[in-house]
2 protein chains.
Amino acid sequence: MSHSGHDMPTDHTRTAILSAAERLYADRGFADVTLRDIVAAADVNLAAVNYHFGSKDELIAELFVTRSLATNRERLNELKAAEAAGGGRAAIDAIFRALVGPTLRGCLGPDNERSAAARFMIRASIESVPPIRRIKNREIDHLRKFAAAMRRSLPGRDQVELYWGLHFALAMAHQTIRDSERLIKLSEGSCDLNDVAGILDRIVAVSVMALTGGEAEKKAPAKLVARDAR
Amino acid sequence: MSHSGHDMPTDHTRTAILSAAERLYADRGFADVTLRDIVAAADVNLAAVNYHFGSKDELIAELFVTRSLATNRERLNELKAAEAAGGGRAAIDAIFRALVGPTLRGCLGPDNERSAAARFMIRASIESVPPIRRIKNREIDHLRKFAAAMRRSLPGRDQVELYWGLHFALAMAHQTIRDSERLIKLSEGSCDLNDVAGILDRIVAVSVMALTGGEAEKKAPAKLVARDAR
DNA sequence: TTGCAATTCAAACAGTTGTATGAAACTATG
DNA sequence: CATAGTTTCATACAACTGTTTGAATTGCAA
């Protein structure tokens, strides 16, 4: 069989390249990972990359598209669930949780398979390499769905405030993943980066406060100050 | 004259290389800027880089060290001023302002000279290139001074909370600089990235809230919700 | 001017990159 | 078995990287 060759049940070489490339890119960034590094890690021939993917850029693009769709699906699932539970209007903290939870759990969690995938996405969001830049415009449309959910959740708020809240939530989550090393060194280990649920609570709580401001927090989204004692 | 050659009054070639490199690195990142790009922009000979700096890495290192010292000095000046004004204990919002203000103004402000310098520093904090990685450990010591100031400002707080506050403040500032384009696109221009003072107020206000939690905000650090109408 | 060091320059260097090639090895059908 | 199609492999290629070289050019002092 395999006349067209894009869905062989066990396309060993292809998947070996994909997972090796994802892990290497996640660990060392796009800049200093060469095709020869990838094929060495995957234990396949150099020409296999161009044979199966056409070019290095197309390999990166396929990696990014796959993971991007998976992450977006996961986030939207959480969002839909939250909106269904709230009868069309999700609580604002649930929206933030759906937005940053999947990536945060993926990057900081113990599962190493997911970790490579999530860290790859963080790399992709930072190091702007051409094949990814071309695709990444779709992410705006994805975020717009969260902005819409926030509008439904807090209909009174100025939209600008909502955008800033979204922006800050993503900022805190991404920086925590990207630069966790600095936080650990700075705090000399007293900030526990393994407590993913705690970190998620913390980021969500600050994001909610950024929106609800000094007002009485109506929904008691998370126990912020009581959290640190862990 | 010029026997040792490190302080010629008008070392045209050297400074031309430095400023061209800084601008290119700031705009396009370290990955895809070659020495030939730099010398073309600076309008000097290719060999000049190795003659004046020894190697590409040493050029990057000099650029980073210079800007890093300048930024740190600027931040510490603001911090000292705030602590002096408060009699040894700066207000927490003033500490945050000293921490993220210089970079934020430098990157988002209208001044193009400073802009290249500040955006270069952001690049350096993201794309981890070897010559910079070796130096960047000192930044921890620099941040420690701000952690100490925060401890003096809020002596009751758990230190872990302070570290997270510091971390989140930097996260919001950096992401705002790095990914301002996405925020503009997402908000369809309704988030005004030219209002640097407003953005600074906003980041400081959220950072303070992250620390002071749901309690009554004792110092009314900034008018958060009233800001957006501009 | 002469002489000498500092600087600039064009050219070439060795190494690495992504990609292409054509022969070999494999796979499964006739 | 034979044969056609797919996949692998070693190897070569052209382009580009940072760096070096040695000859020109400059600038200034004696």
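Below, chain A is the first sequence line, B the second, and so on; all start at residue 1.
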- Note on the structure: Separation of D:dT7 atom C1' from A:Arg14 atom CZ, nearest Å, is 14 Å
- Sorted by chain and residue number, the side chain to side chain donor-acceptor pair (under 3.5 Å) partners of A:His174 (sequence neighbours excluded) come out as none
- Look at the side-chain N and O atoms of B:Thr13 and state whether any lies under 4.0 Å from the OP1 or OP2 oxygen of C:dT8. yes
Kindly give the atom pairs (protein nitrogen or oxygen, nucleotide nitrogen or oxygen) under 3.5 Å for nucleotides 15-22 of chain C.
residue	atom	partner	partner atom	Å
C:dG18	OP1	A:Lys56	NZ	2.7
C:dG18	OP2	A:Leu35	N	2.9
C:dG18	N7	A:Arg36	NH1	2.9
C:dG18	O6	A:Arg36	NH2	3.0
C:dT19	OP2	A:Asn50	OD1	3.4
C:dT19	OP2	A:Lys56	N	2.8

- How long is the span from the CG atom in B:Leu166 to the CZ atom in A:Arg182, to the nearest 0.5 Å? 7.5 Å
- Can you tell me the distance, in whole Å, between the OH atom of A:Tyr51 and the P atom of C:dC26? 16 Å
- Query: What integer distance in Å separates B:Asp43:CG from C:dT8:P?
  - Reply: 12 Å
- Can you name the side chain to side chain contact (heavy atoms under 4.5 Å, CB included) partners of B:Ala26, sequence neighbours left out? B:Arg119, B:Phe120
- Message: Just the rounded figure in Å: distance from C1' of D:dT19 to CD1 of B:Ile38.
- Response: 14 Å
- Message: Is there a side-chain contact between A:His52 and the phosphate of D:dT6, meaning an N or O under 4.0 Å from OP1 or OP2?
- Response: no
- Item | For B:Arg28, side chain to side chain donor-acceptor pair (under 3.5 Å) partners two or more places apart | B:Asp37
- Message: Applying side chain to side chain donor-acceptor pair (under 3.5 Å), can you list everything that pairs with A:Glu188, at least two apart in sequence or on another chain?
- Response: none
Quick one: side chains of residues 131-138 of chain A, donor-acceptor pairs under 3.5 Å with protein atoms, not counting sequence neighbours, listed by atom name and distance.
residue	atom	partner	partner atom	Å
A:Arg133	NE	A:Ser128	OG	3.0
A:Arg133	NH2	A:Ser128	O	2.7
A:Asn137	OD1	B:Lys185	NZ	3.0

